[in-house]
A.B. asks: 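Can you keep this structure in mind? I'll have questions shortly.
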Amino acid sequence: MTLGAHLAGMRARRPLVQNITNFVAMQTMANVLLAAGASPAMVHAREEAAEFAGLASAVTLNTGTPEPDWVAAMEAAATAALARGIPVVLDPVAAGATGYRREINGRLARLSPSIIKGNASEILAVAGRTSASRGADSGDGTDAAEPAAVALARATGGIVAVTGAIDVVTDGRRIARIANGSPLMTQVTALGCALTGIVAAFAAGAPDRFHATVAALAYYALAGERAAAEDPRPGSFATAFLNALHDVTPEQVDALALVEYADAPL
């Protein structure tokens with residue numbers, strides 16, 4: 001199955017993605033999922049999060065603006081979804097910044113989410129390694145986080161995706177490095193959070209979640225390249241990026257994705 005076929009499959013399934021995400025990312029995340037061809041739902045109330053997870057095609061958890069009731073909703077939704085085989089994607093935003101974030105992201109990681117997606121410093125923090133976290137921004141490179149990502153994937157039994165200039169995806173056995181993208185993607189707020197929804201949409205119903213995650217990151221990065229070529233200013237880029245998510249075709253993903261595969265070291 002090619003990377004482009006994963007995009008075509010996602011659009012054909014139009015997965016319903018439940019997002020328990022932060023205040024900053026909600027609108028951007030919903031717009032990104034709609035432009036890509038998925039269906040977003042922002043359902044975070046503790047009273048209904050687990051019940052709704054049983055209806056969703058995939059669930060995302062984002063700890064960008066955490067507070068106890070939302071974290072409880074995340075745990076309930078993740079438990080309900082994982083029991084039904086529904087993919088759960090954890091985005092441990094600023095995981096190493098405070099003791100509270102280290103504690104809650106550690107708890108969520110121990111639920112064995114299907115996929116953990118974060119920048120290099122976030123992945124290092126969740127893996128229990130020293131990081132150079134600068135709030136929500138990474139102070140580490142993806143090459144420095146790759147061994148921790150492999151170890152974290154083996155510990156959780158899932159997939160770990162590290163975003164940066166070179167994106168890295170691993171399931172503990174295989175590694176994929178994706179070289180597409182644009183620096184402008186870091187100059188528009190919430191695009192990293194919104195990528196979590198795209199990963200979830202690709203993983204929903206996919207026969208191989210490792211390749212689905214690689215396809216999601218490659219597709220997203222290609223859309224960034226296309227938008228940056230149209231207008232290299234942050235405000236215009238944000239609009240062009242949504243249009244590119246809508247316009248990028250499976251054939252373009254197969255032709256233009258710069259992906260290198262390797263075996264993970266023992």
Side-chain angles (χ1 to χ4, degrees), residues 19-22 24-25 28-29 32 58-66 70-71 74 78 87-172 175-178 181 185-186 189-203 209-210 212-214 216-218 220-221:
N19 305 289
I20 305 178
T21 190
N22 66 73
V24 179
T28 299
M29 194 168 191
V32 160
V59 174
T60 73
L61 316 174
N62 177 300
T63 58
T65 53
W70 278 29
V71 174
M74 290 181 190
V88 174
V89 185
L90 170 62
D91 188 348
V93 178
T98 66
Y100 180 53
R101 287 171 187 267
R102 285 191 290 275
E103 192 270 326
I104 62 173
N105 281 297
R107 260 171 35 210
L108 292 169
R110 286 192 289 276
L111 295 176
S112 298
S114 315
I115 301 160
I116 300 175
K117 187 238 77 176
N119 64 37
S121 293
E122 291 163 349
I123 296 303
L124 283 163
V126 175
R129 311 286 179 87
T130 300
S131 73
S133 172
R134 298 183 298 177
D137 295 328
S138 181
D140 302 279
T142 53
D143 54 341
E146 190 172 293
V150 171
L152 184 59
R154 289 171 179 167
T156 61
I159 295 155
V160 175
V162 191
T163 57
I166 302 293
D167 296 330
V168 174
V169 179
T170 180
D171 62 359
I175 295 174
R177 303 181 184 95
I178 303 154
M185 299 174 77
T186 65
T189 190
L191 289 194
C193 298
L195 171 58
T196 308
I198 295 296
V199 170
F202 274 67
R209 290 175 182 170
F210 170 77
T213 303
V214 175
L217 267 65
Y220 206 72

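Note: hydrogens, waters and symmetry copies are ignored here, and every other heavy atom, side chains too, is used.
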A.B. asks: Testing the basics here: between Leu124 and Ala144, what is the closest heavy-atom pair and its distance to 0.1 Å?
C.D. replies: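 Looks like CD2-O, 4.1 Å.
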A.B. asks: Tell me, please, which residues at least two apart from Arg102 pass salt bridge (Lys or Arg N to Asp or Glu O under 4.0 Å).
C.D. replies: none
A.B. asks: How many angstroms lie between atom CG of Leu61 and atom CG of Leu111, to the nearest 0.5 angstrom?
C.D. replies: 8.5 Å
A.B. asks: Whether the side chain of Arg209 engages the backbone of Phe202 through a donor-acceptor N/O pair (distance < 3.5 Å, no angle test) should be reported.
C.D. replies: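 Checking the backbone N and O of Phe202 against the side chain of Arg209, no donor-acceptor pair under 3.5 Å is found.
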A.B. asks: Where the side chain of Thr196 meets the backbone of Cys193, is there a donor-acceptor pair that is under 3.5 Å apart?
C.D. replies: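 Yes: the side chain of Thr196 pairs with the backbone of Cys193.
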A.B. asks: Quick check: closest heavy atoms across Ala200 and Ala58, and the distance to 0.1 Å?
C.D. replies: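 Answer, listing the atom of Ala200 first, then Ala58: O-CB, 3.5 Å.
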A.B. asks: Ala149 and Val162: which non-hydrogen atoms are nearest, and at how many Å?
C.D. replies: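 Nearest heavy atoms, Ala149 then Val162: CB-CG2, 3.7 Å.
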A.B. asks: Measure the shortest side-chain to side-chain distance between Ile116 and Pro92 over non-hydrogen atoms and say whether it is less than 4.5 angstrom.
C.D. replies: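 In short, these two side chains touch, coming nearer than 4.5 Å.
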A.B. asks: Just by distance, do the side chain of Lys117 and the backbone of Gly197 share a donor-acceptor pair under 3.5 Å?
C.D. replies: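 No, the answer is negative, given that no donor and acceptor are paired below the 3.5 Å cut-off.
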A.B. asks: Quick one: does any side-chain atom of Ser114 pair with a main-chain N or O of Val88 as donor and acceptor, under 3.5 Å?
C.D. replies: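 It does hold such a pair.
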A.B. asks: Rounded to the nearest 0.5 Å, how far apart are CG of Asp167 and CZ of Arg177?
C.D. replies: 12.5 Å
A.B. asks: I'd like to know if the side chain of Thr63 reaches the main chain of Val93, judged simply by a donor and an acceptor atom lying under 3.5 Å from each other, with no hydrogens or angles considered.
C.D. replies: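 Yes, because the side chain of Thr63 sits within donor-acceptor range (under 3.5 Å) of the backbone of Val93.
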A.B. asks: Which is it for Asn105 and Leu90 under the side-chain contact (heavy atoms from CB on, under 4.5 Å) test, yes or no, and what are the steps along the way?
C.D. replies: CA-CA 9 Å; Asn105 281 297; Leu90 170 62; 4.1 Å; yes
A.B. asks: To the nearest 0.5 Å, what is the distance between CE on Met74 and OG1 on Thr21?
C.D. replies: 7.5 Å
A.B. asks: Does some side-chain heavy atom of Val71 sit less than 4.5 Å from a side-chain heavy atom of Tyr100?
C.D. replies: yes
A.B. asks: How close do Phe210 and Ile159 get, counting heavy atoms only, and between which atoms?
C.D. replies: N-CD1, 3.3 Å
A.B. asks: Mind checking whether Asp91 and Thr60 have side chains closer than 4.5 Å, heavy atoms only?
C.D. replies: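 A side-chain contact under 4.5 Å is absent here.
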A.B. asks: If you measure from OG1 on Thr163 to CG on Leu191, what distance do you get to the nearest 0.5 Å?
C.D. replies: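 Answer rounded to 0.5 Å: 11.5 Å.
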A.B. asks: Shortest non-hydrogen contact from Ala161 to Leu217?
C.D. replies: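 Here Ala161 and Leu217 meet closest at CB-CD2, 4.3 Å.
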A.B. asks: Under the side-chain hydrogen bond (donor to acceptor under 3.5 Å, both in side chains) rule, collect the residues that match up with Asn22, sequence neighbours excluded.
C.D. replies: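 If we apply the side-chain hydrogen bond (donor to acceptor under 3.5 Å, both in side chains) test to Asn22, skipping adjacent residues, the hits are Asn62.
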A.B. asks: Distance-only, no hydrogens or angles: does the Glu146 side chain make a donor-acceptor pair with backbone N or O of Asp143 under 3.5 Å?
C.D. replies: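 Looks like no, no N/O pair under 3.5 Å.
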A.B. asks: For Ile166, is there any backbone N or O sitting under 3.5 Å from a side-chain donor or acceptor partner on Thr142?
C.D. replies: yes
A.B. asks: Are any non-hydrogen side-chain atoms of Trp70 and Thr65 less than 4.5 angstrom apart?
C.D. replies: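 Touching, per the 4.5 Å side-chain cut-off.
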A.B. asks: If you round to the nearest 0.5 Å, how far is OG1 of Thr156 from CZ of Arg110?
C.D. replies: 12.5 Å
